[in-house]
Amino acid sequence: MELTGTIHNIEETQTFESGFQKRTLVIPHVAEYRPFIAIELLKDRIDLLDKYKVGDAVTVSVNIGNDYYKDK
């Protein structure tokens, strides 16, 4: 799925005790009940956000697979 919008926020990298890292990108969404979408980049992908800043227009490809129901 692709999402297009203007960057609302880029959070700082979070590093957990295990060494796991994530960084969150926030873009607006058209739905009234959910005006923003937060997209988490993990591990080696967090550096992809370094070249962007708040206000930049982006198109983001995300995998929103439904693995939760796969084994149910």
Side-chain angles (χ1 to χ4, degrees):
M1 167 185 235
E2 285 193 343
L3 301 169
T4 300
T6 302
I7 297 174
H8 177 75
N9 189 27
I10 300 174
E11 295 180 4
E12 294 295 319
T13 300
Q14 291 180 294
T15 303
F16 300 88
E17 287 183 28
S18 64
F20 179 80
Q21 292 184 309
K22 75 173 186 174
R23 195 168 180 192
T24 303
L25 166 71
V26 181
I27 61 173
H29 189 260
V30 295
E32 288 181 37
Y33 61 91
R34 184 174 225 163
F36 294 97
I37 297 289
I39 302 160
E40 292 182 343
L41 283 80
L42 309 176
K43 301 178 184 179
D44 60 337
R45 297 196 176 237
I46 61 175
D47 294 337
L48 295 173
L49 292 176
D50 288 346
K51 64 181 178 179
Y52 297 100
K53 64 184 182 314
V54 171
D56 285 350
V58 294
T59 297
V60 181
S61 295
V62 295
N63 180 356
I64 55 171
N66 202 356
D67 290 341
Y68 176 79
Y69 293 104
K70 187 166 87 174
D71 296 328
K72 303 275 183 215

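The residues of the chain are indexed from 1 along the displayed sequence.
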- [ ] For Lys22, enumerate each residue passing the salt bridge (Lys or Arg N to Asp or Glu O under 4.0 Å) test, keeping only those at least two apart in sequence or located in another chain.
- [x] Glu40

Task: same_hphob_cluster(Leu48, Leu42) at 4.5 Å side-chain heavy-atom cutoff - done: no

Task: Rounded distance (nearest 0.5 Å) linking atom CD of Gln21 with atom CG of Leu41 - done: 12.0 Å

Open item on the list: Taking salt bridge (Lys or Arg N to Asp or Glu O under 4.0 Å) as the definition, give me every residue that meets it alongside Asp56, ordered by chain and number, with sequence neighbours left out.
Closed with: Lys53

TODO: Taking all heavy atoms of Tyr52 and all of Ile7, pick out the closest pair and write down the distance.
DONE: CB-CD1, 3.6 Å

Task: Option among Thr59, Ile39, Thr6 that satisfies the side chain to side chain contact (heavy atoms under 4.5 Å, CB included) test with Ile27 - done: Ile39

Task: hydrophobic_cluster_shared for Ile46 and Phe20, side chain cutoff 4.5 Å - done: no

Open item on the list: Is the shortest side-chain heavy-atom distance between Arg23 and Asp50 below 4.5 Å?
Closed with: yes

Open item on the list: To check you understand the geometry: which heavy-atom pair defines the closest contact between Val54 and His8, and what is its length?
Closed with: CG1-O, 3.6 Å

